[in-house]
Amino acid sequence: MRRARGAALAGWARAATGGPGPGGRSLRCPRPLPLPLPGPGGGWQETLSATVTVLQDGGLVAVPTDTVYGIACLAQSSQAIKNIYNLKGRNGGKPLAICLGEIAHIYRYCHVSVPEDLLWDLLPGPVTLVLQRSEGLNKDLNPFTSLVGVRIPNHPFIRQLAQACSGPLALTSANISTQASTLTVTEFQDLWPQLSLIIDGGAIGDIQSPECRLGSTVVDLSVPGKYTIIRHGCALTPTVEILAKKYGLTSESPCS
């Protein structure tokens with residue numbers, strides 16, 4: 001049964017990314033339907049493997065996170081980065097964050113000027129840390145800035161997805177720019193035709209609560225000894241307590 005599901009998922013992934021189907025014919029799904037996220041023991045690994053395949057083929061994938069639904073692609077793929085901007089209708093000067101599976105991986109793509117314990121206190125969780133980028137990151141990702149936002153969401157699927165990929169994921173919210181963040185897959189149906197795969201993890205939080213749509217708290221830690229709150233997000237208070245009270249960082253934020 002599990003083998004049959006795995007084969008079906010692999011075929012679906014080929015179709016979603018326009019890969020070869022039976023007889024070598026090219027297949028493409030014009031409006032992919034959401035794929036329910038199974039429990040860890042009920043086809044989870046097959047779904048994870050199919051999602052990795054789609055990403056490696058340059059596809060855009062909608063995934064649940066610990067805050068809102070996101071759209072992910074391979075950060076090291078310049079074409080995928082271009083596609084994600086086109087899908088969002090987003091200004092090319094607005095940066096994308098990267099998503100990693102492990103704190104240790106941050107050091108591959110960023111120059112870190114805070115104690116490692118601070119990273120462990122904030123991650124994984126609903127926080128985006130803005131750091132100095134390193135030469136290991138794709139130059140076509142946010143070429144207009146020396147900084148990059150880093151996410152390690154506290155959600156098992158996207159964390160395992162990031163761990164299974166050879167490089168970082170580029171991650172943005174699953175909505176048209178300037179529109180509200182989304183908490184269910186049906187809230188971004190207008191984007192479905194441009195996506196290769198949609199992972200439906202159910203509703204994220206209370207869909208009636210505006211607070212649940214705030215997204216991650218974004219904090220700039222690129223200046224040693226300082227922090228700047230770029231976006232309040234959903235974890236402002238505990239984040240500031242850790243930065244200021246535990247580590248003695250000084251705020252330079254007009255938002256604090």
Side-chain angles (χ1 to χ4, degrees), residues 51-63 65-68 70-88 90-116 118-155 157-174 177 196 215-224 226-231 233 239 243:
T51 308
V52 171
T53 297
V54 170
L55 289 169
Q56 290 175 338
D57 286 343
L60 305 182
V61 175
V63 289
T65 75
D66 55 353
T67 54
V68 297
I71 297 172
C73 71
L74 294 185
Q76 303 296 69
S77 169
S78 298
Q79 184 59 54
I81 295 297
K82 180 179 179 180
N83 291 344
I84 212 169
Y85 271 103
N86 290 339
L87 176 143
K88 291 273 291 185
R90 191 171 195 173
N91 184 327
K94 192 171 182 180
L96 297 171
I98 61 171
C99 174
L100 300 170
E102 300 289 350
I103 287 174
H105 296 170
I106 295 175
Y107 294 88
R108 299 180 186 176
Y109 305 104
C110 302
H111 298 295
V112 181
S113 59
V114 295
E116 184 174 346
L118 185 153
L119 302 181
W120 283 98
D121 281 338
L122 294 177
L123 302 173
V127 183
T128 300
L129 305 183
V130 178
L131 303 166
Q132 290 285 343
R133 61 189 288 159
S134 74
E135 291 299 314
L137 200 57
N138 181 6
K139 291 181 174 59
D140 290 330
L141 178 76
N142 311 334
F144 45 83
T145 177
S146 63
L147 307 178
V148 66
V150 179
R151 280 277 273 135
I152 302 181
N154 190 20
H155 189 286
F157 184 78
I158 192 170
R159 277 201 72 191
Q160 290 183 30
L161 182 63
Q163 291 165 1
C165 293
S166 58
L169 302 177
L171 184 66
T172 185
S173 56
S177 287
S196 300
S216 63
T217 294
V218 182
V219 56
D220 185 345
L221 296 177
S222 62
V223 179
K226 307 287 186 180
Y227 74 90
T228 300
I229 300 296
I230 297 174
R231 183 176 72 193
T239 299
L243 296 175

> After noting the C-alpha distance and the side-chain angles of Cys165 and Gln56, does the key distance pass the side chain to side chain contact (heavy atoms under 4.5 Å, CB included) rule?
Replying inline: CA-CA 8 Å; Cys165 293; Gln56 290 175 338; 5.8 Å; no

For [X] and [Y], work out which heavy atoms get closest and say how close.
X: Ala164; Y: Val52; value: CB-CG2, 3.7 Å
X: Ile71; Y: Leu60; value: CG2-CB, 4.3 Å
X: Cys99; Y: Ala162; value: O-CB, 4.1 Å
X: Val150; Y: Cys110; value: CG2-SG, 3.5 Å
X: Pro124; Y: Pro153; value: CB-O, 3.8 Å

Judged by modelled atom types alone, do [X] and [Y] share a side-chain donor-acceptor pair under 3.5 Å?
X: Lys139; Y: Ser78; result: no
X: Thr67; Y: Ser216; result: no
X: Thr145; Y: Arg133; result: no

Side-chain touch [X]/[Y], heavy atoms, less than 4.5 angstrom:
X: Val130; Y: Val219; result: no
X: Leu169; Y: Val63; result: no
X: Ile98; Y: Tyr109; result: yes
X: Pro95; Y: Phe144; result: yes
X: Leu100; Y: Leu123; result: no
X: Val114; Y: Tyr227; result: no
X: Arg108; Y: Ser134; result: no
X: Val54; Y: Val61; result: yes

> Between Asp66 and Arg151, is there a side-chain N and carboxylate O pair less than 4.0 Å apart?
Replying inline: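 Salt bridge between Asp66 and Arg151, a charged N being under 4.0 Å from a carboxylate O: yes.
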
>> For a side chain to side chain contact (heavy atoms under 4.5 Å, CB included) check, start with the C-alpha distance between Ile152 and Ile106, then their side-chain angles and the critical distance, and finish with the verdict.
In response: CA-CA 10 Å; Ile152 302 181; Ile106 295 175; 4.2 Å; yes

> So Leu118 and Leu243, side chain to side chain contact (heavy atoms under 4.5 Å, CB included) or not? Walk me through it.
Replying inline: CA-CA 8 Å; Leu118 185 153; Leu243 296 175; 3.8 Å; yes

>> What verdict does the side chain to side chain contact (heavy atoms under 4.5 Å, CB included) test give for Leu171 and Ile158, after you've listed the backbone C-alpha separation in whole Å, the side-chain angles of each residue and the deciding distance to 0.1 Å?
In response: CA-CA 10 Å; Leu171 184 66; Ile158 192 170; 4.0 Å; yes

Any donor-acceptor pair under 3.5 Å linking the side chain of [X] with the backbone of [Y]?
X: Arg159; Y: Gly101; result: yes
X: Gln132; Y: His111; result: no
X: Lys226; Y: Asp220; result: no

> In Å and rounded to the nearest 0.5 Å, what is the CD to CD1 distance from Gln79 to Ile81?
Replying inline: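 Between atom CD of Gln79 and atom CD1 of Ile81 there are 10.5 Å.
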
